[in-house]
Q: 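Could you have a look at this structure, given as structure tokens, before my questions?
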Amino acid sequence: MSVGVVRETVLSTLREALEDARASGDLKLTTLPALVLDVPKKTAWGDLATTVAMNLAASERRAPHEIAEIIAGRLRSHPEVLERIDVAPPGYINLTVKRDLWFRVLAEIEAQGEQYGRSTLGLGKRVLLEFVSANPTGPLHVGHGRGAAVGGALANLLQAIGYEVTTEYYINDAGRQVRLMAASVTAVQNPPEDGYKGAYIADLAKQLHDRQQAGDLRSGLSESEVAEWACSQLLQGIKTDLRAFNISFDRWFSEQKDLFDSGAVSQALGWLKEKGYLFEQDGALWFKSTAFGDDKDRVVRKQDGEYTYLASDIAYHRNKLDRGYDLLINIWGADHHGYIPRMQAVVQAFGCPKDRLKVVLVQIVNLLRGGQRVTMSKRAGEMITLREVVEEVGADAAKFIFLTRRADSQLDFDLEVAKQQSAENPVYYVQYAHARVASLFRVAAERGVPVQRTSKVDWSVLSSPDDLELIKPLAEYPALVEASAQALEPHRLTYYLQELAARLHAYYYKHRILPPALEQELDNKDNLKASAQETDRERKRETLTPALTAARLCLFRNVQSVIRNGLGILGVSAPERM
RNA sequence: GCGCCCGUAGCUCAGUUGGAUAGAGCGUCGGGCUUCGAACCCGCAGGUCGCAGGUUCAAGUCCUGCCGGGCGCACCA
């Protein structure tokens with residue numbers, strides 16, 4: 001089952017109904033339309049709805065509601081799947097799923113465990129996901145953190161739908177910026193005009209001096225030797241910070257070693273030249289990117305003989321393509337969006353469709369503290385680093401908040417809110433739901449309440465609408481993971497988890513799961529305060545049988561399981577207690 | 001000037017790839033712990049989806065033009 005037992009079952013029933021209608025001549029159906037099931041906004045409109053009748057109206061040349069009635073009639077011969085089929089104007093078909101089918105979702109979750117929500121859509125396809133890729137000229141800041149969170153979640157999402165994912169960090173350890181950084185370290189008292197400032201530069205300078213005094217490093221290093229040393233120092237820091245943020249990479253790809261030293265740059269450019277995509281003009285070497293839809297042609301080697309950044313990127317993407325990936329995904333800062341057309345031109349020059357490369361843009365993070373903007377100036381080296389944020393608010397909170405907005409919209413990140421363990425902080429809301437269920441099972445164990453497997457549970461006792469409202473999102477989870485992965489939008493999962501947690505909390509408050517510890521508690525139910533609200537009284541009036549306890553425990557365990565799986569994809573922990 | 005992204009409740013944002021009467025959190029106001037975790041729950045109020053056209057049976061979503069904001073437009077990275 002790729003999108004869950006309920007959707008799969010209903011979809012195949014719908015498909016069958018359409019084929020029947022075609023066979024009998026009621027519908028022409030020259031082509032079978034794509035079948036889509038929506039979750040209606042209102043529960044009164046059923047569990048699932050399809051707009052297929054409206055979409056067919058033009059090709060069938062009939063009124064949507066007539067088509068809907070034909071399909072609905074066929075569907076009504078499947079009472080084992082659909083309890084109720086309604087046609088609503090102008091041509092919606094609203095479906096109410098048979099109750100038994102919902103309970104099969106719980107069995108499915110229990111059987112699949114950590115595998116629940118995974119599918120095989122991307123099976124056999126390999127994707128290279130490149131992200132963060134910050135220059136090794138300084139520590140990672142919050143913006144990089146957001147890119148890391150998005151990249152990590154995306155890697156997990158794509159893996160969940162069956163892709164074979166390789167994550168990669170591209171190290172820009174060649175070129176001007178690195179030389180500038182090295183020069184800033186060497187001449188720390190008298191830094192170059194546009195050089196790097198910041199305390200970490202002074203630290204590196206001191207460390208370099210100390211090491212040379214101690215004889216660990218020889219004195220009189222050349223500029224490129226200083227650069228190499230400083231880069232590796234900074235890269236170690238970056239790796240440490242990412243590890244603390246719980247983000248890992250399969251490969252660290254060095255511009256200097258893997259592209260220049262290996263000859264990949266000249267090789268890739270040579271290939272382009274052979275194909276006629278390079279030309280010389282004004283003493284520079286140009287890539288004819290306009291041949292592939294770019295605004296203007298781009299320089300790859302400057303008059304002074306130095307390669308531009310694009311030259312490296314051409315070689316890098318050639319290398320990626322040569323490694324045989326079906327899809328390349330790059331995660332970039334949104335300020336680099338103008339770079340997309342030329343990189344897609346590169347991909348096309350190498351004979352691939354331009355959408356072989358997809359770019360996810362990540363917008364800036366506005367760092368706040370108690371509503372006040374924290375000012376940052378890269379020039380002066382005043383940056384709040386990722387390390388500082390993770391140390392202050394924790395990796396889970398930082399990650400979750402980074403993923404609460406779509407990647408390409410700006411994000412306000414308030415350090416005080418992120419630290420707060422309150423309702424304002426969505427990560428705790430979701431984690432609390434998980435911990436709460438864990439706690440429930442601890443208490444159940446203490447009191448000797450048996451926990452049964454799904455197959456042993458009598459589902460008929462879960463007769464309230466609240467039960468179904470908690471199960472339905474569980475059934476949607478696989479479809480959500482699939483859609484979220486395909487759209488490259490992990491924030492959808494973040495929203496989903498908040499919604500699921502909300503339903504769990506509401507249910508938990510309203511209904512009792514375990515029998516009271518003491519007999520006398522049952523006698524206290526007459527002592528209710530007059531002000532108690534309707535739901536309170538309902539809850540207290542409910543008679544709790546062992547069968548009901550067993551069913552609810554089972555339901556909760558499966559909700560917990562889905563929350564855990566979802567948090568896992570986001571890279572956020574699911575604590576047993578908080 | 002050209003290109004890309006964005007204008008949705010007081011604030012911050014979702015909106016299932018074009019579907020039904022546009023949602024959530026925060027904030028305001030008002031309620032709720034003798035119980036299994038109150039890091040929680042329930043309720044009230046809050047909208048001309050920037051504006052104007054167009055396509056469609058159907059537009060917050062697509063096309064055009066304005067208005068307003070962000071970001072790009074290097075032989076920088």
Side-chain angles (χ1 to χ4, degrees), chain A residues 36-42 45 49 51 54-55 57-58 63-64 88-92 94 135 137 172 175-178 180 194 281-286 295-296 298-304 306 308-310 312 333-341 361 363-364 371 404-406 408-412 414 417 420-426 428-429 431-433 435-444 447 449 476 479-480 483-484 486-487 491-492 494-495 498-499 502 505-510 512-518 521 524 527 529 531-536 539-540 556 577-578:
Chain A
V36 178
L37 293 173
D38 297 318
V39 177
K41 288 186 215 165
K42 291 181 178 280
W45 295 334
T51 58
M54 290 181 280
N55 295 328
Y92 289 98
N94 292 332
N135 287 353
T137 54
N172 296 131
R176 194 181 117 82
Q177 293 306 314
V178 166
L180 201 57
D194 47 356
Q281 189 181 310
D282 305 330
L285 188 63
W286 299 69
D295 295 343
K296 51 184 86 167
R298 308 290 173 175
V299 170
V300 294
R301 197 183 59 221
K302 300 186 280 182
Q303 277 181 338
D304 64 9
E306 195 179 341
T308 64
Y309 196 89
L310 180 61
S312 304
D335 55 340
H336 288 68
H337 69 260
Y339 214 76
I340 296 174
L361 296 175
Q363 262 292 359
I364 57 169
T404 52
R405 304 268 178 271
R406 43 182 308 137
D408 63 359
S409 81
Q410 293 191 15
L411 171 72
D412 289 337
D414 195 312
V417 172
Q420 262 174 47
Q421 304 189 344
S422 74
E424 270 187 88
N425 194 345
Y428 292 113
Y429 187 80
Q431 288 184 319
Y432 183 55
R436 206 171 206 186
V437 177
S439 167
L440 192 65
F441 279 89
R442 283 193 297 270
V443 174
R447 295 185 188 172
V449 177
E476 279 302 307
L480 179 104
S484 189
Q486 283 189 289
H491 75 277
R492 294 193 196 186
T494 315
Y495 272 86
Q498 292 181 76
E499 171 65 24
H505 286 311
Y507 188 102
Y508 179 89
Y509 179 79
K510 194 167 169 185
R512 211 179 154 76
I513 316 296
L514 298 175
L518 305 168
E521 286 180 21
N524 285 342
N527 300 340
K529 279 189 269 178
S531 63
Q533 291 190 337
E534 187 67 19
T535 53
D536 288 337
R539 173 172 56 122
K540 278 156 188 166
F556 266 45
R577 37 166 54 98
M578 299 169 63

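The structure displayed is predicted, hence computed values, not measured ones.
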Q: Looking only at N and O atoms, is any donor in the side chain of H337(A) or the base of G3(B) less than 3.5 Å from an acceptor on the other one?
A: yes
Q: Taking the same atom, C1', in C67(B) and in G23(B), what whole-Å distance lies between them?
A: 27 Å
Q: Would one find a side-chain N or O of R406(A) under 4.0 angstrom from OP1 or OP2 of C5(B)?
A: no
Q: Of the nucleotides A77(B), A20(B), C36(B), which has the atom closest to the V443(A) side chain?
A: C36(B)
Q: For A9(B) versus A74(B), give the span between their P atoms, rounded off to a whole number of Å.
A: 37 Å
Q: Has Y429(A) got its ring stacked on the base of A39(B), with centres under 5.5 Å and planes less than 30° apart?
A: no
Q: In the structure shown, which nucleotide is the Watson-Crick or G-U wobble counterpart of U16(B), with both distances under 3.5 Å?
A: none
Q: When the P atoms of C42(B) and G65(B) are compared, how many Å lie between them, rounded to an integer?
A: 47 Å
Q: Between the base of A77(B) and the side chain of D194(A), is one N or O donor paired with an acceptor at under 3.5 angstrom?
A: no
Q: The side chain of P90(A) lies closest to which of these nucleotides: C42(B), A14(B), G19(B)?
A: G19(B)
Q: I want to verify a distance call: between A14(B), A77(B), C40(B), whose nearest atom is closest to the H491(A) side chain?
A: A14(B)
Q: Hunt down the Watson-Crick or G-U wobble partner of C73(B), both distances under 3.5 Å, from any strand shown, or write none.
A: G1(B)
Q: Between G72(B) and A77(B), how far is it from one C1' atom to the other, in whole Å?
A: 14 Å
Q: Nearest of C41(B), G37(B), A77(B) to any side-chain atom of H505(A)?
A: C41(B)
Q: Can you tell me if D408(A) uses its side chain to pair, donor with acceptor, with the backbone of L361(A) under 3.5 Å?
A: no
Q: Could you tell me the separation between the CD atom of E306(A) and the C1' atom of A77(B), rounded to a whole number of Å?
A: 11 Å
Q: Does G7(B) have a Watson-Crick or wobble mate here (both distances under 3.5 Å), and if so which one?
A: C67(B)
Q: How long is the line joining CZ of R405(A) and P of G7(B), in whole Å?
A: 13 Å
Q: For C51(B), is chi within 90° of 0 (syn) or not (anti)?
A: anti
Q: Stacking here means centres under 5.5 Å and planes under 30°; does Y92(A) stack on G19(B)?
A: no
Q: Within this structure, what is the OH-to-P distance between Y495(A) and A24(B), rounded to whole angstrom?
A: 12 Å
Q: Rounded to the Å, how far apart are Y432(A) OH and A38(B) C1'?
A: 6 Å
Q: Please determine, for the side chain of V36(A), which listed nucleotide (C5(B), C75(B), U17(B)) has the closest atom?
A: U17(B)
Q: In chain order, what residues pass the side-chain contact (heavy atoms from CB on, under 4.5 Å) check against P515(A), with sequence neighbours excluded?
A: V449(A), L544(A), T549(A)
Q: Which whole-number value in Å describes the distance from Y339(A) OH to G3(B) C1'?
A: 17 Å
Q: Can you tell me, in whole Å, how much space there is between the C1' of A24(B) and that of G37(B)?
A: 24 Å
Q: Does the structure show a Watson-Crick or G-U wobble partner for U55(B), both distances under 3.5 Å? Name it, or say none.
A: none
Q: When rounded to the nearest Å, what value does the distance between C1' atoms of U55(B) and G18(B) take?
A: 11 Å
Q: So which one's nearest nucleotide on RNA chain B is more toward 5', R442(A) or D304(A)?
A: R442(A)
Q: Rounded off to whole Å, could you give me the NZ-to-P distance for the K510(A) and C41(B) pair?
A: 14 Å
Q: Can you check the distance between G54(B) and U61(B), where both ends of the measurement are the C1' atom (answer in whole Å)?
A: 15 Å
Q: Measure from the side-chain heavy atoms of D335(A) and tell me the nearest of G37(B), A77(B), G72(B).
A: G72(B)
Q: G37(B) pairs with which nucleotide, Watson-Crick or G-U wobble, both distances below 3.5 Å?
A: none
Q: With rounding to whole Å, what would you report as the distance between C51(B) and G7(B) at their P atoms?
A: 13 Å
Q: Atom CG of L180(A) to atom P of A77(B): distance rounded to whole Å?
A: 12 Å
Q: To the nearest Å, give me how far apart CD (Q486(A)) and C1' (U17(B)) are.
A: 11 Å
Q: Map A502(A) and P89(A) onto RNA chain B by nearest heavy atom, then report which one ends up closer to the 5' terminus.
A: P89(A)
